[in-house]
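To keep things clear, I will list the structure first and then write my remarks on it.
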Amino acid sequence: MRDNRAPQARRMALSGFLEEKKDLLWAGLWLFGISCTAAWLELFLNAPARARVEAAFANTLLGALLVVFAALLLGWGIALALVTLERRHQRTPYLALTFALNILRSVPQMVGMLVGYALITALILRDALPSTLAQIMMTSLITALFVFQEVVDLIRERVKHYEQLEFVNALLVCGIPPLVIINREILLKNSMSHLIQKSVALFGRAIFLICSIDFIISVGLSTDVSLSNLPATLGSMLASLDSKQDILVIGSVLSEPGMFGSLFFEHLQGVSVAFLIVFTLFCVHRISTGLTDRYRL
Amino acid sequence: MSSPYTDAAPASLRAILGEHLASVLVVACALVVLGVVVSGKGDDRRLHTDSRIERYLSLDGVDWSMPLHRELFRDSYRAINADREQVVDSVMGSIQDALQAEMADPARKLGGEKKSLSWKVLGELVPMYLGFLVVFLVVLVLTYAAARAIAVWKFIVWKQGRASPFRQFLRGCETLGFVRGMMRLDLLGKALLHGVVSFLLFSPAYVIAYSLRTRLDTENVLFLVLLAVVSNGVLVHYAHRLFTLLVSESRKGYVDSALVKGVRGEYRWDVNNGISPFVILRPLLRSQGHVFREIYRNARLQFIPSTKEHVTFIVTGLVIIEMALNIKGHLCYALLQHILFKEFDIAIAIVLLIFVAVKLVEAGVDVWHYRELRKYDNAG
């Protein structure tokens, strides 16, 4: 005899699973949304524009991933340096490093990145950064300089938390070097969920900053720095004349609702670029908060 | 969750303010050096690139716009230097390019002269800076109030165990069956509205502004303030920070102890011993005798220093809005213009002014946090 409650129980189980693992749910929704957008663009956007949107999306994601990677490396290294200096009671270098970090923290990201991008432009004009990958890496490094402090804070907080527990002293008594305890026991074994959550949050922050700086540069500084000498990202795509006109049409829909349908066919380039930025930022935030909930961070 | 400024809290107020002052001095010195280096390089470049042709362009009595004078120069050059025709053509081409570049130079246009940092320019920056400070402070206060209200509302809804409209809709489909569940269109409508608002809050300012440009005057200061508060994800991240702190505080042991001792702990709006809905606007005043008051007070103490993290993000948002929308007469737009015209000394001065503004607000937050800490006996 078949159990009629089985499908409902399965649905409830799935619902419970998704309730607990919201990060996975949102990651899945993001992939689904991106796939649907890609399929829609394949059907209704002309091939050259589609290729530009795809390249811009790929460059943005690659840039953001590199920002996360660079921020983790920088943050990890500087946090370890601070912990070591604190442990060895080397007050002057410790205070100097903390002071420098606090200064960097007080620089608004966009202002710092503008200065950094001026430097990148100078390098590009001198052919010092010939490949697209080198340019993306350099821009990511500049962006990472203004977000890596969050990694430093996280690592220091985790180390401080575990240093108050007995097991760190026990490991020290067993002769395990302090750096091994920090790297292996505290960070890799007991803080991975924190680091993953921080990486996801930084990924979202990086996408926002990269898109914004590229938009500003493409709109305001287009004489020296332009789409032709910086890799295209979603921000610079949105700043292009076609996309801006597409976005302007959204406002017209408020007074002429009949134009709503045209957004998804005639004004697809700008609307899809704006959607990709906002949808990605939204989903990344949800994944990050989902991780916080799941691991009670 | 970490807070970068937790180290600074127990230090004396004088030490904290001293550090802020030292930061401003160090950054000012670094920017002055950068300004001198950048200005010097700019002048050198002009002298070196034009030196070969400069000599010919400055010849007395030669009008380069007249074909006769150009031909005379060509013949004279050929006769004196005995160069091949291609070399003479190259020199003439270079002279032509230099003349064209000079004519296209914005500095030659009326009012387009290249500016450098002077008392007059500083005088022009002062009203823009004051305007920037006012907008910055208004945005900061509004963001704080709005984020607090959202976080408190979200926390109370979480304590009430209410699911989001979309989740309620899904549960309806699960329990009542797909067809009857789909009849709950009110829930679906609420979920859709929730989604649109979330999208709006996460949208970068330039997306919203360009969308509304045909309908609204986007160069209005009120629009600038509104956009700075609701866009760029500022409000969501700020509110989420306080919400996380409230959740983490509510899980601590003292909350259970207070409940056991009979302190009110009911979070429903519509019951006698519940919590007032006005707690969203005035969390401390409207939660007398409720355990939420203690949870909020402790969370707020940790939340205050995190305001400094958001200060730089709010400034980033303002920079994005003013630059992306080309809002004339504002400080960040002026910064963009001075970078565009390679007036780096003025751009550096504006960067320093923005840094000073950030540091002033950070110092203010530190004083506020210090005073809050002093209210507790164990604060030293």
Side-chain angles (χ1 to χ4, degrees), chain A residues 8 11-12 15 19 98-103 105-111 114-115 118 146 149-150 152-158 198 204 208-209 211-213 215-216 219-224 235 238-239 244 247-252 254-255 270 274 277-279 281-282 285 289 292 296-297, chain B residues 1-8 19-20 22-23 26-27 167 170-171 173-175 198-199 202-207 210-216 232-233 236-237 240 244 251 308-309 311-320 323-324 326 333 335-337 339-340 344 351 354-355 358-359 362:
Chain A
Q8 190 178 352
R11 277 203 302 272
M12 297 291 260
S15 167
E19 189 80 19
T98 312
F99 182 69
L101 272 178
N102 282 344
I103 286 182
R105 222 189 283 276
S106 299
V107 177
Q109 295 95 338
M110 203 44 60
V111 175
L114 263 178
V115 176
F146 298 97
Q149 298 88 341
E150 290 183 34
V152 176
D153 298 331
L154 174 71
I155 292 177
R156 288 184 69 196
E157 197 209 34
R158 296 302 294 163
K198 184 57 75 184
F208 171 74
L209 289 174
C211 290
S212 301
I213 190 84
F215 184 88
I216 288 171
V219 167
L221 297 176
S222 53
T223 51
D224 276 358
L238 198 64
K244 271 198 288 194
I247 298 297
L248 284 170
V249 174
I250 296 175
S252 308
L254 294 175
S255 56
I277 295 174
V278 180
F279 183 63
L281 290 175
F282 178 64
H285 174 76
T289 52
T292 309
R296 292 198 161 201
L297 304 178
Chain B
M1 286 294 187
S2 59
S3 176
Y5 300 98
T6 44
D7 284 355
E19 193 193 327
H20 287 304
S23 304
V26 167
V27 170
R167 199 147 286 141
L170 287 180
R171 275 186 198 155
C173 289
E174 280 171 2
T175 51
S198 297
F199 255 57
F202 277 98
S203 292
Y206 41 85
V207 174
Y210 273 91
S211 307
L212 298 174
R213 216 166 190 178
T214 52
R215 317 303 314 163
L216 291 168
N232 297 328
V236 181
H237 289 113
H240 185 70
T244 314
R251 286 173 178 154
K308 292 199 289 185
E309 290 170 57
V311 166
T312 50
F313 204 60
I314 286 171
V315 174
T316 289
L318 285 175
V319 172
I320 290 170
M323 285 185 174
N326 293 341
Y333 177 74
L335 171 63
L336 192 71
Q337 289 296 299
I339 293 175
L340 182 64
F344 292 118
V351 169
I354 292 174
F355 184 77
V358 171
K359 274 290 166 195
E362 283 188 357

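Naming convention: chains lettered A, B, ... in sequence-line order (proteins, then strands); numbering from 1 in each chain.
When heavy atoms are compared at a cutoff of 4.5 Å, Ala22(B) approaches chain A by way of both its backbone and its side chain. Of the two parts of Phe282(A), the backbone and the side chain both hold a non-hydrogen atom closer than 4.5 Å to a non-hydrogen atom of chain B. The parts of Phe313(B) that come within reach of chain A are both its backbone and its side chain, each placing non-hydrogen atoms under 4.5 angstrom from that chain. In this structure, the portions of Val107(A) lying under 4.5 Å from any heavy atom of chain B include both its backbone and its side chain. Using a 4.5 Å cut-off between heavy atoms, Ile277(A) touches chain B through its side chain atoms alone. Interface remark: Leu209(A) contributes side-chain atoms only to the contact with chain B (heavy atom separation under 4.5 Å).
Of all heavy-atom pairs between Phe202(B) and Leu281(A), the closest is O-CD1, 3.6 Å. Residues Tyr206(B) and Phe208(A) come closest through the heavy atom pair OH-O, 4.5 Å. The nearest pair of heavy atoms linking Tyr210(B) to Ile247(A) is CB-CG2, 3.6 Å. The heavy-atom pair separating Ser106(A) from Val358(B) by the smallest distance is O-CG1, 3.3 Å. The minimum heavy-atom distance linking Thr312(B) with Gln109(A) is given by the pair O-OE1, 3.6 Å. A pairwise comparison of heavy atoms in Asn102(A) and Lys359(B) identifies O-NZ, 4.3 Å as the closest pair.
Of the inter-residue distances, the one linking His240(B) atom NE2 with His285(A) atom NE2 reads 5.5 Å to the nearest 0.5 angstrom. Considering CZ of Arg105(A) and NZ of Lys308(B), their distance stands at 8.5 Å, rounded to 0.5 Å.
Ring planes of Phe199(B) and Phe279(A): tilted class, angle from 30 to 60°.
Contacts with chain B were tallied for Ser212(A), Gly235(A), Gly270(A), Ala100(A); Ser212(A) has the most, counting heavy-atom pairs under 4.5 Å. Residue with the most contacts toward chain A among Val27(B), Ile314(B), Asn232(B): Asn232(B) (heavy-atom pairs, distance under 4.5 Å).
Not a single ring-ring contact (aromatic ring centres under 6.0 Å, His included) links Phe355(B) to another residue, sequence neighbours left out.
No option in Thr316(B), Ile320(B), Val311(B) other than Thr316(B) meets the side chain to side chain contact (heavy atoms under 4.5 Å, CB included) test with Pro108(A).
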